[in-house]
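Before I ask anything, here is the structure I am working with.
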Amino acid sequence: MEQTVQETGAMKNMVPRKKRKNLTQDTLAGYLFISPMLIMTVVLMVIPILLSGIISFTDWNFIAGLKSINFIGFDNYTKMLSDENFTRSLANNFLLMIVIPVSLFIALILAVLINKATYFKSVFKVIYFMPFISSFVAVAILWRVLFHPTSGPINGLLMSIGIDNPPAWLADPSFSLISVMIIMVWAGIGFEMIIFMAGLQNIPQDLYEAADIDGASKIRQFFSVTLPLLSPTTFFLLITGIVGSFKAFDLIMILTNGGPAGSTSVIVFYLYEVAFIQLKSGYASAIGIALLLLILAITVIQWIGQKKWVNY
Amino acid sequence: MSSLRVSRIIITILMSAAGIIFLLPFVWMLSASFKPELEVLAYPIQWIPETWNAVENYREVWFGTLPFALYYWNSIKITLLTTAVSLITSAMAAYGFSKISFKGRDVIFIMVLATFMIPHQAILVPQFVLFRWLGLFDSHTGIVLLGSAGAIGTFLLRQFFMSVHNEIIESARMDGANHWTIFVRITLPLVKSALATLMILRFIWTWNDYQNPLIFLRSDHLYTLQLGMRKFSDVNGEFYSLMMAAAVSAILPLMIIFIIGQKQVIEGVAQGSVKG
């Protein structure tokens with residue numbers, strides 16, 4: 001596609017003057033059309049990320065002004081490795097990844113059942129998609145009450161079925177991360193299910209007919225037709241899920257504020273704390289760049305992995 | 001054949017049960033927002049309130065100590081402006097990147113696309129400094145610009161602009177139409193459904209955004225609904241009925257938009273495969 005556009009562009013170069021005038025006009029028009037978006041992206045994203053890179057090598061505090069800036073080389077980056085709060089947040093991020101296979105599994109089953117077996121497809125789509133469009137602030141406030149340790153409805157239910165000492169959920173350091181994960185699964189299923197359903201639509205129906213003729217059971221068909229043909233979709237969701245899990249901020253900020261005792265702190269939350277509460281701009285930028293590199297690495301794995309593990 | 005039908009009905013019933021369980025948190029929220037405070041946490045749960053306190057709760061949220069209506073208005077304003085700015089700039093850029101051939105186009109496009117990977121939090125500090133320097137800190141203009149920046153809209157729309165046939169544009173050019181006329185009169189109507197999808201998605205993302213207002217707004221009278229909700233829960237932390245009424249008020253406009261544009265939202269998410 002791109003190539004044909006370029007070729008016609010090159011061909012235009014050889015033809016008459018009127019066309020050439022058209023070409024300079026095209027260049028001008030092209031830049032005018034993209035400039036509003038381009039200026040915003042450059043000023044608000046490209047320049048800041050470059051500045052972030054520079055600030056990450058300093059001990060700057062943005063309240064103190066430019067005069068107090070000192071370059072300290074890689075100190076911020078080496079500090080990260082021995083910073084317990086950072087390593088714990090990173091570890092929490094890796095634990096949060098468990099959410100993705102769990103919710104993908106549930107979403108896939110829901111998608112297959114809704115797609116194949118049930119009436120009222122669009123009603124089910126709407127139901128499972130609702131948390132996705134609700135604000136994280138409202139969702140977090142709601143779940144904080146639902147998970148209330150002594151009088152919340154969830155523990156009320158658990159106690160009424162005979163569990164005398166239900167966990168304190170968000171208030172208990174050993175259960176808080178699991179509680180956050182439950183909420184993330186609940187909030188994420190809808191999106192994944194929709195994408196899976198779009199993937200299912202693309203599987204040619206005659207493959208199932210052929211499998212039927214060969215006498216393959218429905219379950220066998222699921223494992224040997226549906227699952228392999230959905231692997232690009234699954235892979236896509238896996239990667240966006242992992243990248244998305246590194247960016248989870250709003251939910252954690254309101255649910256737990258990183259607590260109790262740092263048990264739910266994640267990198268982006270810790271970054272926010274370092275930048276805007278401890279006011280260590282240099283160190284915060286270094287954490288930001290580390291996060292960028294991590295996401296970059298995941299994206300590269302995606303590119304390589306797509307060729308290797310996805311079978312069409 | 002009829003056994004197939006029976007199994008479909010059974011699965012539908014099971015799925016409905018699962019769907020209801022899935023929605024219970026929302027039902028609980030709605031029901032709690034109608035109850036007097038003392039009955040909110042009563043167990044067993046009364047799904048239909050015994051005593052109705054809805055009017056009092058919602059009145060307290062909307063006309064109580066916090067200017068909830070003002071927060072609401074701020075959110076509406078920011079969301080509409082952001083959606084408009086983002087839609088216009090993305091559509092223009094998408095046209096430029098797909099229908100005009102010019103030097104450096106593909107390099108610029110790849111550069112813009114690469115900004116996808118930048119985590120928002122990694123650029124907060126420079127953005128903060130930049131905004132203070134530009135006088136955009138603590139202003140709605142700043143929030144609108146931040147919300148409109150980014151490549152995702154351009155990327156989504158570009159795919160649709162590319163499907164518009166080049167012959168249409170060539171022949172319009174022969175007739176002496178310039179790019180702006182072609183953009184407004186010919187291509188925009190052809191990608192209407194994609195524009196609607198992006199509009200709804202951008203509306204949802206902006207309405208729900210918490211992080212940008214949190215960092216770039218200081219003055220109370222500029223607060224958006226999400227910030228106001230947080231403040232409300234800090235002030236009324238022990239009044240669950242009021243918090244649920246506030247949460248319902250915050251979610252409701254989106255639910256309405258979602259149910260109206262249900263098809264566009266779901267298809268848009270599936271086609272663009274994008275996540276906010």
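On a predicted model such as this, the values are computed, not experimentally measured, just so you know. Residue numbering restarts at 1 for every chain, and letters A, B, ... go by the order of the sequence lines. Just the heavy atoms: all of them, side chains too, but no hydrogens, waters or symmetry mates, feed the values below.
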>> Show the nearest heavy-atom pair for residues B/V125 and A/S281, with the distance to one decimal.
In response: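 Distance-wise, the nearest heavy atoms are CG1-CB, 3.8 Å.
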> Does atom CZ of A/F120 have more than 12 heavy-atom neighbours, drawn from other residues, nucleotides or ligands, at distances under 6.0 Å?
Replying inline: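 No.
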> Relative to chain B, which of A/P153, A/G190, A/G288 shows the most heavy atom pairs under 4.5 Å?
Replying inline: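 Top option by heavy-atom pairs under 4.5 Å: A/P153.
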> Side chain, backbone, both or neither: which part of B/L254 has a non-hydrogen atom closer than 4.5 Å to chain A?
Replying inline: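 Interface part for B/L254: both.
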> With chain A, which of B/G96, B/P119, B/A94, B/A246 has the greatest number of heavy-atom pairs at distances under 4.5 Å?
Replying inline: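 Top option by heavy-atom pairs under 4.5 Å: B/P119.
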> Does the side chain of A/V243 come within less than 4.5 Å of B/M117's, by heavy atoms?
Replying inline: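 Side-chain contact under 4.5 Å: no.
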>> Does any backbone or side-chain atom of A/L271 lie under 4.5 Å from a heavy atom of chain B? Answer side chain, backbone, both or neither.
In response: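 The side chain, not the backbone.
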>> Check this for me: B/W47, atom CH2, are more than 12 non-hydrogen atoms of other residues, nucleotides or ligands nearer than 6.0 Å?
In response: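 Result for CH2/B/W47: enclosed.
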> Of the backbone (N, CA, C, O) and the side chain (C-beta and beyond), which part of B/L23 lies under 4.5 Å from a heavy atom of chain A, both, or neither?
Replying inline: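 Side chain only.
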> What part of B/Q226 is in contact with chain A, defined as an atom under 4.5 angstrom from a non-hydrogen atom: side chain, backbone, both or neither?
Replying inline: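 Both backbone and side chain.
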> Taking every heavy-atom pair that is under 4.5 Å apart, which of A/I54, A/I39, A/L44 has the most such pairs with chain B?
Replying inline: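 Of the options given, most contacts go to A/L44.
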> Are any of the side-chain heavy atoms of B/T154 and A/I34 separated by less than 4.5 Å?
Replying inline: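 Not in contact.
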> Any idea which heavy atoms bring A/W143 and B/P25 closest together, and the distance?
Replying inline: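 Between these two residues, the closest heavy atoms are CZ2-CG, 3.7 Å.
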> In terms of the angle between their ring planes, are A/F33 and B/F183 parallel, tilted or perpendicular, with boundaries placed at 30° and 60°?
Replying inline: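 Perpendicular, since the angle between the ring planes exceeds 60°.
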> Where does B/L227 contact chain A at under 4.5 Å (heavy atoms): side chain, backbone, both or neither?
Replying inline: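 Answer is neither: B/L227 stays 4.5 Å or more from chain A.
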> What residue, out of A/S285, A/A275, A/A284, A/S160, has the most heavy-atom pairs lying under 4.5 Å from chain B?
Replying inline: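 With the most close heavy-atom pairs to chain B, the winner is A/S160.
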> B/L41 versus chain A, heavy atoms under 4.5 Å apart: side chain, backbone, both or neither?
Replying inline: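 Both backbone and side chain of B/L41 come within 4.5 Å of chain A.
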> Where do B/L214 and A/F249 land on the side-chain contact (heavy atoms from CB on, under 4.5 Å) test, with the steps shown first?
Replying inline: CA-CA 12 Å; B/L214 173 74; A/F249 174 79; 4.2 Å; yes
> Should B/W28 and A/V145 be marked as a side-chain contact (heavy atoms from CB on, under 4.5 Å) after you check the CA-CA gap, both sets of side-chain angles, and the distance that decides it?
Replying inline: CA-CA 10 Å; B/W28 190 88; A/V145 187; 3.4 Å; yes
>> To the nearest 0.5 Å, what is the distance between CD1 on B/I123 and CG on A/L51?
In response: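 Answer rounded to 0.5 Å: 10.5 Å.
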> How long is the span from the CG atom in A/L291 to the CD atom in B/Q121, to the nearest 0.5 Å?
Replying inline: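 Here the interatomic distance stands at 7.0 Å.
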>> For the backbone of A/P36 and the side chain of B/T89, can you confirm whether one donor and one acceptor N or O come within less than 3.5 Å of each other?
In response: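 No; judged by distance alone, with no hydrogens or angles, the pair does not exist.
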> Considering only heavy atoms from C-beta outward, does the side chain of A/I141 approach that of B/F232 to under 4.5 Å?
Replying inline: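 No. Closest side-chain heavy atoms not under 4.5 Å.
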> What heavy-atom pair brings B/P126 and A/P48 nearest, and what distance separates the two atoms?
Replying inline: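 Residues B/P126 and A/P48, closest heavy atoms: CG-O, 3.2 Å.
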> Side chain, backbone, both or neither: which part of B/I11 has an atom under 4.5 Å from a heavy atom of chain A?
Replying inline: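 Answer is both: backbone and side chain atoms of B/I11 are under 4.5 Å from chain A.
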> Taking all atoms of both residues into account, what is the closest heavy-atom pair of A/V126 and B/I266, and its distance?
Replying inline: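 Nearest heavy atoms, A/V126 then B/I266: N-CD1, 4.5 Å.
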> How are the rings of B/F26 and A/W186 set to each other: parallel, tilted or perpendicular (split at 30° and 60°)?
Replying inline: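 Aromatic pair B/F26/A/W186 classed tilted.
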>> Is any side-chain heavy atom of A/W60 closer than 4.5 Å to one of B/V129?
In response: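 In contact.
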>> Parallel, tilted or perpendicular, judged at 30° and 60°: which one describes the rings of A/Y31 and B/F102?
In response: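 Plane angle between 30° and 60°, so tilted.
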> Got B/M255 and A/S134 here, is their nearest side-chain heavy-atom distance under 4.5 Å?
Replying inline: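 Yes - at least one pair of side-chain heavy atoms lies under 4.5 Å apart.
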>> Please rank B/H120, B/M111, B/R132, B/M229 by heavy-atom pairs under 4.5 Å with chain A and give me the top one.
In response: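 The answer is B/M229.
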>> Just verifying a value: how many Å separate B/I100 CD1 and A/Q25 CD, rounded to the nearest 0.5 Å?
In response: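 One finds 11.0 Å between CD1 of B/I100 and CD of A/Q25.
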>> Please give me the minimum heavy-atom distance between A/R144 and B/S233, naming the atom from each residue.
In response: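 Closest pair (atom of A/R144, atom of B/S233, distance): NH2-OG, 3.6 Å.
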> So do A/V268 and B/Q211 actually touch side chain to side chain, heavy atoms under 4.5 Å?
Replying inline: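 In short, these two side chains do not touch, never coming nearer than 4.5 Å.
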> Under the 3.5 angstrom rule, does the side chain of A/D250 hit a backbone N or O of B/D209 as a donor-acceptor pair?
Replying inline: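 Absent.
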>> What part of A/F124 gets within 4.5 angstrom of chain B, counting heavy atoms only: side chain, backbone, both, or neither?
In response: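 Side chain only.
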> Which atom names give the shortest non-hydrogen contact between B/G150 and A/T41, and what distance separates them?
Replying inline: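 The pair with the smallest heavy-atom distance is N-OG1, 4.2 Å.
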>> Looking at B/F239, I'd like to know if its CZ atom is crowded, meaning that more than 12 non-hydrogen atoms belonging to other residues, nucleotides or ligands lie closer than 6.0 Å.
In response: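 Count not over threshold, so no.
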> Side chain, backbone, both or neither: which part of A/T299 has a non-hydrogen atom closer than 4.5 Å to chain B?
Replying inline: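 It is the side chain, since no backbone atom gets that close.
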> So which of B/I257, B/I215, B/V112 has the largest heavy-atom pair count under 4.5 angstrom toward chain A?
Replying inline: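 Among B/I257, B/I215, B/V112, the one with the most close pairs to chain A is B/I215.
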> Can you tell me how far the CD atom of B/Q127 sits from the CD1 atom of A/I49, to the nearest 0.5 Å?
Replying inline: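 B/Q127 CD to A/I49 CD1: 9.5 Å, rounded to 0.5 Å.
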>> I'd like to verify something: which residue of A/L157, A/I55, A/V139 has the highest number of heavy-atom pairs under 4.5 Å with chain B?
In response: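 Maximum pair count with chain B is reached by A/L157.
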>> With a 4.5 angstrom heavy-atom cut-off, is it the side chain or the backbone of B/A18 that approaches chain A, or both, or neither?
In response: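 Interface part for B/A18: both.
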>> Under a 4.5 Å cutoff for heavy-atom pairs, which residue among A/V123, A/L146, A/I287 has the most contacts with chain B?
In response: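 Most heavy-atom pairs under 4.5 Å with chain B: A/L146.
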> For chain B, which of A/T27, A/I133, A/L237 has the most heavy-atom pairs under 4.5 Å?
Replying inline: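 Of the candidates given, the most pairs with chain B belong to A/I133.
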>> Can you confirm whether A/F136 is buried at CZ, in the sense that more than 12 heavy atoms of other residues, nucleotides or ligands lie under 6.0 Å from that atom?
In response: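 Atom CZ in A/F136 is not packed in, count stays at 12 or less.
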>> Just verifying a value: how many Å separate B/I108 CD1 and A/L38 CG, rounded to the nearest 0.5 Å?
In response: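 Interatomic distance, B/I108 CD1 to A/L38 CG, rounded to 0.5 Å: 6.0 Å.
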>> How long is the straight-line distance from CD1 of A/I114 back to CE of B/M15, given to the nearest 0.5 Å?
In response: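 It is 4.0 Å, given to the nearest 0.5 Å.
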>> Heavy-atom cut-off 4.5 Å, strictly under: side chain, backbone, both or neither for B/Y240 against chain A?
In response: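 Interface part for B/Y240: side chain.
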> B/S86 versus chain A, heavy atoms under 4.5 Å apart: side chain, backbone, both or neither?
Replying inline: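 It is neither, since no heavy atom gets under 4.5 Å.
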> Around A/K121, counting heavy atoms of other residues, nucleotides and ligands shown, do more than 12 lie under 6.0 Å from its NZ?
Replying inline: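 Counting other residues, nucleotides and ligands, NZ of A/K121 exceeds 12 neighbours.
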> Which answer fits A/M253, side chain, backbone, both or neither, if we ask what part of it has an atom under 4.5 Å from a heavy atom of chain B?
Replying inline: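 For A/M253, heavy atoms of backbone and side chain both lie under 4.5 Å from chain B.
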>> Quick check on B/W207 against chain A: is it the side chain, the backbone, both or neither that has a heavy atom closer than 4.5 Å?
In response: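 Contact with chain A: none, neither part.
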> Do A/L251 and B/Y210 have side-chain heavy atoms sitting under 4.5 Å apart?
Replying inline: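 Contact flag for A/L251/B/Y210 side chains = no.
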>> If I measure from the heavy atoms of chain B, does A/Y119 come under 4.5 Å with its side chain, its backbone, both, or neither?
In response: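 Backbone plus side chain of A/Y119, per the 4.5 Å heavy-atom cut-off to chain B.
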>> With a 4.5 Å cut-off on side-chain heavy atoms, are A/L32 and B/H179 touching?
In response: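 SC-SC contact between B/H179 and A/L32 ruled out.
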